[in-house]
Structure formats: C-alpha cells, structure tokens
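See structure below.
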Protein chains: 2
Amino acid sequence: MSAPKTVGILGGMGHAAAIDLMARIHRLTPRTREQDGIRLIVDSNPATPDGNDALLRGGPSPAPMLAAMARGLETRGAEFVAMASSTAHAFQFDIERAIGVPFVSMIEEAGAALAARAPGPGTTIGLLAAEGCLHSGLYQSELARRGLSSVVPEGAARDEFMDLLHAIGAGDTGPRSTRRLAGVGARLARDGATLLLAACTEASLVLTPETAPAPLIDAMEVLAVAVVDYALGRRALPPPFAWTETGPA
Amino acid sequence: MSAPKTVGILGGMGHAAAIDLMARIHRLTPRTREQDGIRLIVDSNPATPDGNDALLRGGPSPAPMLAAMARGLETRGAEFVAMASSTAHAFQFDIERAIGVPFVSMIEEAGAALAARAPGPGTTIGLLAAEGCLHSGLYQSELARRGLSSVVPEGAARDEFMDLLHAIGAGDTGPRSTRRLAGVGARLARDGATLLLAACTEASLVLTPETAPAPLIDAMEVLAVAVVDYALGRRALPPPFAWTETGPA
C-alpha cells in the first residue's frame with residue numbers, strides 16, 4: 001500500500017468541530033502501528049466570521065479567510081481539503097477556486113450516502129441543521145440533484161428547533177435535549193421523512209441512531225468515512241476545481 | 001483584551017495526542033461567543049519516526065521532521081509552538097533552533113507545576129512515562145534543576161509497567177488496567193513519591209486523581225493550561241531560542 005494522503009482540515013466553526021472530525025478519522029483509521037495513521041494538517045480558527053450571521057443577516061463573509069486558510073493547508077502539504085462545518089459549505093466555491101487540490105465536500109458526501117441508503121427515488125430526508133445552513137438550501141439542492149426530497153422544521157417549530165440548538169451549543173446536552181430533538185425529528189417523520197440527516201454538531205451531540213425516531217445519518221461521520229477512504233486510496237478523489245469553458249475567463 | 005495568540009501544535013506521536021491536547025485547550029478556554037476561542041494550527045503526523053525507537057534502539061531520529069513541521073506552523077502564523085508528546089521533547093532543542101517563535105515545553109511546564117505543588121525542596125515525584133522518556137531522563141533532570149527528586153519503575157516492575165502501557169495503548173482501558181497502574185503508582189509511593197506525574201497518554205487515559213494512590217498531576221493538562229494562559233496573555237511567553245555567546249557560532 002502506498003503512503004496515506006495528507007489531509008487538510010478547516011475548522012473552528014465552532015471550535016470543537018475540528019476536534020470532533022479528527023477523533024472520528026482517528027477512530028475509523030485501521031492501524032497496526034501508531035505510525036500507520038493519516039497525517040492531518042489542521043487550521044482551527046474561531047475568528048472566522050460566523051457563516052450563519054453572513055447568510056442570514058448580511059454579516060461579514062468568512063469566504064476570504066476560509067480561502068486563505070485552505071491555501072495555507074495546501075502550501076503545508078495537504079493533498080486534499082475537507083471542512084468541519086456544514087454551514088460554511090455555502091462558501092465552498094470560494095475555497096475550491098483558491099486551491100489546486102481537491103476539496104471533499106461534506107454536502108456532496110452526505111448526499112451520496114443518503115442516496116445510497118434511500119429505499120428509492122423521491123425518498124424524503126428530514127434535515128436537522130443550523131439556520132444558515134437550512135436557509136442557504138445547501139442540502140436541499142444537493143438532495144434535489146439526486147432525485148431526493150427534503151423537509152425542514154418550519155414556522156414556530158423552526159424557531160423552537162433553533163432555540164434548542166442554541167441551548168445544546170451552550171452545554172445543555174442532557175436527556176431533556178435528546179427528547180426535544182427527537183420530537184423535532186418525529187415531526188419531520190410525520191411530514192414524510194423516512195431518513196434523518198444530522199448536519200450540525202449540536203444534533204450529533206444529543207441524537208444517536210438509538211434515540212432518533214427514524215433512521216439517522218450523521219454528516220460529520222459520513223465526511224470522516226470519506227476522508228479515510230480517500231486518504232488510504234480506497235476511493236479515487238474528486239478532481240480539483242477547474243474553470244470550465246463556459247465559466248469565468 | 002487583545003486577540004488571542006495563534007498556537008502551533010505538533011502531534012501524531014501517538015496520533016490521538018493532538019486531539020487530546022486540543023480538547024483540553026477547548027475545555028479550558030473561556031468564551032461567550034464561539035468566535036472567542038483560540039486559533040490552533042496543527043500538524044498531526046503519525047509518520048514521524050518513533051521517538052522511543054530512536055532513543056532506545058538507535059532508530060531514525062524524528063528531529064529533522066519535527067523541525068520542518070514546526071517551521072511550517074510558524075510560517076502559517078503560529079505565535080508559539082507546543083508539542084503533544086513528552087518523549088518527543090528529547091528533540092526539543094532541534095525544534096527550538098528551527099523556529100523564531102517561542103517553544104512552550106511540556107517538560108518545563110510540568111516541572112514548574114510540580115515545584116509549585118510540592119510541599120518542600122527535596123520532594124520526590126513518581127514518574128509514569130514511556131520507556132524512551134524515562135530513559136532520556138527528561139523529567140528527572142528538569143526536576144533535579146528545581147531541587148526535586150524523582151523515582152521511576154525499575155527492573156521487573158519497569159518491564160511490567162511498559163507491558164501495561166502497551167496494553168492500554170492497544171485499547172485495554174478498563175478497570176483492570178486502572179488497578180494495575182494504581183499498583184505501579186503505589187510502588188512509587190512506597191519508594192518515597194508524594195506526588196505522581198502522568199506523563200504519557202496511556203497513564204492519563206486510565207488513572208485519574210480519584211483512582212491514583214497519591215496526588216496526581218497530568219503533564220498534558222498542565223501543558224493545556226499553559227497554552228491557554230499564554231494565548232490569552234495571562235502569562236508572558238518564554239523568549240524564543242537564541243544562540244548564546246558561549247554557544248555555537
């Protein structure tokens with residue numbers, strides 16, 4: 001087997017997300033000796049402007065900083081780059097065009113995993129994600145592209161869900177949060193969802209396949225599996241970004 | 001308050017060590033907003049040659065790779081560098097002279113923490129560390145410099161201790177390992193130790209202040225506290241390495 005590829009990881013949104021992704025990669029990496037692991041070059045930068053604020057309220061865009069961080073990872077030897085935040089994938093294009101190595105998208109990997117798991121075309125996915133992520137339609141358009149439907153919390157249920165994510169983010173990760181989030185998932189199931197996607201750290205923290213009211217796929221776990229597969233050469237990497245003939249000159 | 005300093009972290013020896021240090025830094029960082037965290041630039045490289053093999057059996061030295069990794073962290077903006085491995089500090093000088101920013105030494109920080117905690121000069125510290133770390137005398141000389149004594153597992157007890165660390169590293173982190181490691185600590189206490197230092201990931205994993213047979217200080221936790229203090233400007237950083245007039249030209 002050739003040496004594993006070096007992985008670049010963008011994190012800091014929130015701060016523990018890079019640690020979560022690294023721990024999942026570590027757990028998924030087979031090794032006989034400690035030296036058999038995968039090299040991870042990480043930039044965990046909590047000073048990155050808040051993606052939700054940028055997407056919802058016109059706050060400063062994190063795109064220039066994310067692009068600079070990704071270039072730095074490439075300069076240091078990263079052979080591909082991944083990012084531990086669903087919402088920040090709204091700026092995926094800005095990152096991709098800043099680097100010459102492939103960007104492995106959590107949105108696309110989760111879409112592929114859901115399509116593989118869905119019982120058939122038209123299957124409806126219930127999305128548990130942060131406000132900016134839902135608002136930007138990242139997962140909705142990815143799923144539509146694959147012939148899948150999606151439902152998200154709406155109206156008062158949406159406000160309640162966002163309050164819950166905020167409380168979990170502030171440390172309220174007990175059984176009451178699990179019950180409340182399971183309630184959000186159950187409402188999505190009543191709206192037609194046969195699969196749930198946990199696409200934010202807060203949902204991953206309190207909802208497990210055992211406590212979820214419908215089969216649950218975790219976007220961060222899907223990304224970790226993909227990163228390990230690409231790094232170990234089990235799957236061929238997507239090509240790096242290239243301007244198309246119809247794109248900007 | 002001025003912006004927190006950017007921290008460079010060397011890891012990969014073993015692979016989970018950087019994750020452990022990052023999680024401790026995250027837990028110790030006060031924040032009101034997610035953006036208030038500390039930027040961590042990390043190179044977790046399990047391909048780094050095994051420090052124990054280099055120190056005990058003349059295997060390839062990790063020094064050139066560690067120096068190159070540290071330079072890379074500085075280039076990316078790290079304002080100081082720390083390393084998540086006691087044993088690799090045998091190569092601290094090679095790292096320090098490769099960079100122009102301060103290196104925060106886990107050995108020196110642990111020595112200072114033990115001196116502050118020791119009831120008086122001559123206090124004996126029991127060292128729970130990997131074979132190469134014990135063999136190189138890193139902690140022993142640091143403690144001697146501060147007027148403290150040290151005891152380490154010797155002879156058959158040392159062999160048994162190393163077997164135990166190996167078993168813990170391979171995943172055997174249950175209560176039996178805790179009992180066995182507490183037994184090693186109890187033997188060091190009988191040899192005069194009034195404080196124990198957990199200076200390897202394996203010891204941190206299974207021994208806590210509650211299960212230890214004597215007051216326990218964890219070197220990785222001490223390093224995490226120091227990193228947060230330096231990053232937030234609560235303490236002044238040590239100066240970067242400089243050739244002295246009596247040193248090499």
Side-chain angles (χ1 to χ4, degrees), chain A residues 3-4 6-27 29 31-53 59-60 62 65 68-69 71-78 85 130 166 169-171 201 231, chain B residues 3-4 6-27 29 31-53 59-60 62 65 68-69 71-78 85 130 166 169-171 201 231:
Chain A
T6 296
V7 183
I9 294 179
L10 294 171
M13 314 146 282
H15 202 163
I19 301 170
D20 180 28
L21 180 58
M22 293 169 77
R24 291 173 192 268
I25 291 169
H26 177 65
R27 185 171 40 72
T29 305
R31 63 175 69 77
T32 47
R33 302 174 314 141
E34 192 56 57
Q35 281 71 23
D36 292 337
I38 297 168
R39 182 176 185 182
L40 306 177
I41 300 180
V42 184
D43 194 339
S44 175
N45 189 356
T48 310
D50 183 338
N52 285 295
D53 188 47
M65 192 177 281
M69 288 160 66
R71 268 195 304 273
L73 297 175
E74 180 183 9
T75 305
R76 290 290 309 125
S85 159
H166 190 78
T201 312
Chain B
T6 296
V7 184
I9 293 179
L10 294 170
M13 314 144 281
H15 201 164
I19 301 170
D20 181 28
L21 180 58
M22 293 169 77
R24 291 174 192 267
I25 291 169
H26 176 65
R27 185 170 42 71
T29 305
R31 62 175 70 77
T32 47
R33 303 174 312 141
E34 191 57 59
Q35 280 73 22
D36 292 337
I38 297 168
R39 182 177 185 182
L40 306 177
I41 300 180
V42 184
D43 194 339
S44 175
N45 189 356
T48 310
D50 182 339
N52 285 296
D53 188 48
M65 192 177 282
M69 288 160 65
R71 267 196 305 275
L73 296 176
E74 181 183 8
T75 306
R76 290 287 309 122
S85 159
H166 190 79
T201 313

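A quick note: this is a predicted structure, and the numbers were derived from the prediction, not measured. As a basis for the values below, the full set of heavy atoms in this structure was taken, side chains included, without hydrogen atoms, waters or symmetry mates. Per chain, numbering begins at 1; letters A, B, ... match sequence-line order.
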Atom CD1 of A:Ile41 and atom CE of B:Met69: how far apart are they, to the nearest 0.5 Å? 8.0 Å
Partner chain A: residue of B:Val7, B:Asp20, B:Ile19 with the largest heavy-atom pair count (under 4.5 Å): B:Ile19
Taking every non-hydrogen atom, the tightest pair across B:Pro46 and A:Gly37: CG-C, 3.3 Å
Just verifying a value: how many Å separate A:Ile38 CD1 and B:Asn45 CG, rounded to the nearest 0.5 Å? 12.0 Å
Highest number of heavy-atom pairs under 4.5 Å with chain B among A:Gly72, A:Gly77, A:Ala170 belongs to A:Gly72
Of the backbone (N, CA, C, O) and the side chain (C-beta and beyond), which part of B:Ala68 lies under 4.5 Å from a heavy atom of chain A, both, or neither? backbone
What pairs with B:Arg76 under salt bridge (charged side-chain N to carboxylate O under 4.0 Å, His left out), at least two apart in sequence or on another chain? A:Asp43
Heavy-atom distances under 4.5 Å only: say whether B:Leu73 touches chain A with side chain, backbone, both or neither. backbone
